[in-house]
Amino acid sequence: MRTFSASFVKGLALLLLFIVCENASAQSVVNLSKFDKSKGATVRVIGKQLSVSWPAGKDGSGKLVLDLQQGAPLFKSIVINKGTVSKEIAAGLDPAYTLTIGKRTLDPKSGGWDVFFDRVPLKPYKTYPVEFDKHSASVVSFGAHTIIRVSDMHASTFKGALEITLYNGSPLFNVAAVMATDNDSTAILYDAGLVSKKQVWQNVAWADVKNKLQTIKVEQNTAATNQEVKYRTIIGQGKQGSLALFPAPHQYFYPLDEAFNLKFTWHGQNYAGLMPGYGIGIRQDPLGDKRFVPWFNAPPKTQQRLNFFCLLSADAPAEALAEVKKFTHGDSYKPLPGYKTMASHFHNEFIMDVVLKGGPVPEQPEFKDVFEKTGLNIVHLAEFHGPGHPKGPDDERLKELHALHEQCERLSDNNFLLLPGEEPNNFYGGHWLSFFPHPVNWIMSRKADMPFVTDDPKYGKVYRIANKDEMLKLLELEHGLAWTAHARTKASTGYPDAYKEEAFYKSPTFMGAAWKAIPADLSNPTLSHRVLNLLDDMSNWGLKKHVIGESDIFTITEQNEMYAHLNVNYLQLDKIPNFKDGWQPVLDVMRQGKFFVSTGEVLLPAFAVNGKGAGETAKISPSGQTKITLTADWTFPLNFAEVVSGDGNKTYRERISLNNTQAFGKKQFEFSVDLKNRKWVRVELWDIAANGAFTQPVWLE
């Protein structure tokens with residue numbers, strides 16, 4: 001028998017112990033305790049490599065091979081499989097982020113965290129690279145989603161981890177740096193992308209603002225360039241396919257007065273001097289439109305999702321872009337039978353800046369082309385917001401109104417209705433919108449010796465308004481509507497709360513308020529709750545008020561990033577009224593609450609509570625058990641529905657997970673909820689990109 005020395009045995013034992021420890025370490029790098037292989041995805045761990053495959057639709061699958069070794073690119077391989085054909089789209093890529101941290105001005109008089117009137121880039125701020133320390137990972141099944149979490153990430157006072165979410169049924173995945181800070185009064189921006197120190201892409205492509213595909217050959221050492229694009233998408237093309245990279249279509253764009261295209265994508269080497277390697281990605285301009293620039297809120301301890309989407313394609317960039325465009329219906333609002341699309345609150349100032357300047361007036365103004373291409377049937381303006389003479393002199397005011405009414409009639413047709421409207425900012429407090437069902441001549445002031453109404457030989461009936469009582473009387477006489485613009489923020493901070501006991505607010509002429517995504521907060525899975533909370537409060541106040549979507553932007557051009565800053569109201573109308581006959585049906589639907597608001601990706605063609613629709617009154621049983629039916633049509637996979645109700649004092653929310661849905665679906669949902677002692681109920685529906693839709697209340701008895 002062969003014998004071994006004590007030193008040899010000791011050395012062998014140490015070697016075996018090292019191998020065991022290394023194997024245990026490799027196996028403990030990835031936590032799979034919450035992974036469910038029955039959900040469709042598959043996971044394989046070999047050493048420090050994690051391979052995850054998921055069903056990507058059309059008999060195909062996607063696969064990510066992640067390298068958890070420090071110093072190695074995270075995305076070792078990105079693959080798409082079609083049948084038996086496997087194509088590697090990219091290899092050797094790293095996710096990369098910069099985080100720009102500024103100071104939020106928090107003042108209750110400006111709305112606190114709901115502030116819009118903030119100029120963050122005029123105060124000190126700094127941009128940091130987000131550092132990535134790969135030391136552990138987990139894979140979690142969440143309905144039809146698979147979430148890969150890799151720790152840790154940090155930038156200045158922000159700490160967190162990387163989350164990659166795969167969506168069954170689609171070659172789509174999301175890459176997010178999820179981080180939080182303990183610091184208060186913080187506002188942020190982020191830029192992001194995929195970078196590589198070796199050449200990965202042969203070409204980079206995008207659609208220009210004229211909607212033409214542009215392609216350039218990649219030169220690895222070319223300095224990074226900020227790129228103006230349409231559809232917010234930049235595409236890398238490799239030897240076997242393409243990867244389209246894009247942000248959430250609405251959530252990524254913090255509120256501004258202008259929808260300028262600020263070159264929201266980038267490509268090239270060493271972006272911002274903080275992302276080594278060649279990359280493609282998304283970006284924000286810190287200066288915004290150089291007006292009020294509030295950035296994103298980052299309250300203490302909130303999990304901010306600095307994220308972007310990737311869509312894999314085995315085809316050329318044109319085909320990849322076509323697939324991306326489907327998520328936003330080509331940046332337009334999808335027609336629905338029985339509905340017409342309406343958008344409100346545009347300070348285009350076409351009358352003052354073009355019509356009354358004495359120059360040529362275009363037969364088809366650019367703004368009308370933009371609205372029509374976006375799929376809008378009805379547009380409600382807010383002219384003379386700054387320019388113009390709303391308080392007179394009378395001759396100037398009447399001339400301006402006449403031009404507004406004349407141009408709205410000229411530019412309206414059987415498929416498009418351009419309607420006059422203003423943001424008066426007189427009499428009621430804060431900012432509010434006026435809307436009449438036909439042309440009305442009115443002047444926002446009245447001298448003591450002038451009557452309330454006169455008959456002008458050229459313009460006909462003319463009203464002169466001296467106070468809130470006369471404003472209410474005008475709205476009653478002419479069957480008009482009013483509502484609070486940008487409620488509880490901007491110049492309407494504190495409204496409509498401050499006048500909820502006023503006669504004009506209690507009148508049926510006061511519809512309620514308007515919704516826009518102010519503020520922006522990347523920790524929320526939805527867009528702004530500011531006015532949704534107000535809708536609940538108004539409902540609990542006991543009057544039947546409603547909320548429409550508003551855009552509140554100025555210039556409207558083909559070059560602008562319009563879609564990101566728009567939302568739409570789907571009004572229950574079978575046809576568009578003729579301008580000459582008036583548009584009372586539009587106001588009736590708004591007054592009755594027979595519409596839903598949407599960002600465009602989530603639609604609600606049908607909604608009922610015990611058989612009654614939005615704006616109607618439903619009876620509930622003594623037990624309180626109530627049936628809510630909802631037909632939904634969506635593009636991105638859905639995230640959740642929320643049933644919101646109130647008892648006249650308190651608001652209740654019941655969240656229903658819809659994480660088993662896949663992209664591009666249509667389904668009728670039925671929820672049974674307990675609404676005992678409730679006085680109203682409404683529903684919200686949100687997808688995984690924070691796009692959504694919400695109904696108006698159904699009243700309960």
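One-based numbering along the sequence shown.
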Please determine, by modelled atom types, if Asn533 and Arg488 share a side-chain donor-acceptor pair under 3.5 angstrom. no
Taking ring pair (Phe, Tyr, Trp, His ring centres under 6.0 Å) as the criterion, tell me which of Tyr167, Tyr231, Trp634, Phe664 meets it with Phe327. Phe664
Using every non-hydrogen atom in the two residues, find where Arg305 and Glu163 come nearest and quote the distance to one decimal. NH1-OE1, 2.9 Å
Where do Gln304 and Asp521 land on the side-chain contact (heavy atoms from CB on, under 4.5 Å) test, with the steps shown first? CA-CA 8 Å; Gln304 299 294 317; Asp521 186 328; 3.1 Å; yes
Do the side chains of His135 and Asp152 get nearer than 4.5 Å, heavy atoms only? yes
Given side chains that start at C-beta, do those of Ile101 and Thr181 come closer than 4.5 Å, heavy atoms only? no
Evaluate the side-chain contact (heavy atoms from CB on, under 4.5 Å) criterion for residues Asp182 and Thr157: first the C-alpha distance (whole Å), next the side-chain angles of each, then the deciding distance (0.1 Å), finally the verdict. CA-CA 7 Å; Asp182 289 330; Thr157 62; over 6 Å; no
If you compare all heavy atoms of Asn567 against all heavy atoms of Ala343, which two are closest, and at what distance to 0.1 Å? O-CB, 4.1 Å
Below 30° counts as parallel, above 60° as perpendicular, anything between as tilted: where do the rings of Trp295 and Tyr125 land? perpendicular
Phe640 vs Thr526 side-chain heavy atoms within contact, under 4.5 Å: yes
State, yes or no, whether a side-chain contact exists between Leu74 and Ile164 at a heavy-atom distance under 4.5 Å. yes
Taking Trp266 as the fixed residue, which of Trp206, Tyr278, Tyr271 is the one that meets the ring pair (Phe, Tyr, Trp, His ring centres under 6.0 Å) rule? Tyr271
Hey, is the main chain of Leu166 close enough, under 3.5 Å, to the side chain of Thr146 for a donor-acceptor pair? no
Just checking, any donor-acceptor pair under 3.5 angstrom between side chains of Glu258 and Thr555? yes
Give a yes or no on whether Lys123 atom NZ has more than 12 heavy-atom contacts from other residues, nucleotides or ligands under 6.0 Å away. yes
Is there a side-chain contact between Lys48 and Gln70, using heavy atoms and a 4.5 Å cut-off? no
Say whether Glu423 and His486, considering side chains only, have a donor N or O and an acceptor N or O under 3.5 Å apart. yes
For a quick test of reading the model, state the closest non-hydrogen atom pair linking Asn691 to Val602 and the distance between them. O-CG2, 3.9 Å
Below 4.5 Å, heavy atoms only, C-beta onward: do His250 and Glu601 meet side chain to side chain? yes
Is it the case that more than 12 heavy atoms not belonging to Lys263 sit under 6.0 Å from its NZ atom? no
Please test Gln559 against Thr557 for side chain to side chain donor-acceptor pair (under 3.5 Å), starting from the C-alpha separation and ending with a verdict. CA-CA 5 Å; Gln559 183 180 18; Thr557 69; 5.1 Å; no
Tyr252 and its ring pair (Phe, Tyr, Trp, His ring centres under 6.0 Å) partner, picked from Phe308, Phe309, Tyr563, Tyr190: Tyr190
Do you know which two heavy atoms are closest between Met275 and Asp191, and how far apart they sit? CE-O, 3.8 Å
Cationic tip of Arg291 within the cone over Phe554's six-membered ring, i.e. under 6.0 Å and within 45° of the normal? yes
Give the C-alpha distance, both sets of side-chain angles, the deciding distance and a yes or no for side-chain contact (heavy atoms from CB on, under 4.5 Å) between Leu685 and Leu658. CA-CA 9 Å; Leu685 198 63; Leu658 299 175; 3.4 Å; yes
Is the cationic atom of Arg119 (NZ for Lys, CZ for Arg) positioned less than 6.0 Å from the six-membered ring centroid of Phe292 and within 45 degrees of its normal? yes
Would you please test Lys490 and Asp552 for side-chain contact (heavy atoms from CB on, under 4.5 Å) and show each step? CA-CA 11 Å; Lys490 299 182 81 171; Asp552 192 11; 2.7 Å; yes
Which residue, Phe350, Tyr333, Phe346, forms the ring pair (Phe, Tyr, Trp, His ring centres under 6.0 Å) with Phe371? Phe346
For the residue pair Gln227 and Thr225, confirm or rule out a side-chain donor-acceptor distance under 3.5 Å. no
Ala491 and Phe117 have their tightest heavy-atom pair at N-CE1, 3.5 Å
Quick check on Lys63: does its NZ atom have over 12 non-hydrogen neighbours (other residues, nucleotides or ligands) under 6.0 Å away? no
With heavy-atom distances below 4.5 Å as the criterion, would you say the side chains of Pro255 and Pro294 are in contact? yes
State, yes or no, whether a side-chain contact exists between Trp54 and Leu64 at a heavy-atom distance under 4.5 Å. yes
Counting only heavy atoms not in Lys82 (residues, nucleotides, ligands), do more than 12 fall under 6.0 Å from its NZ? yes
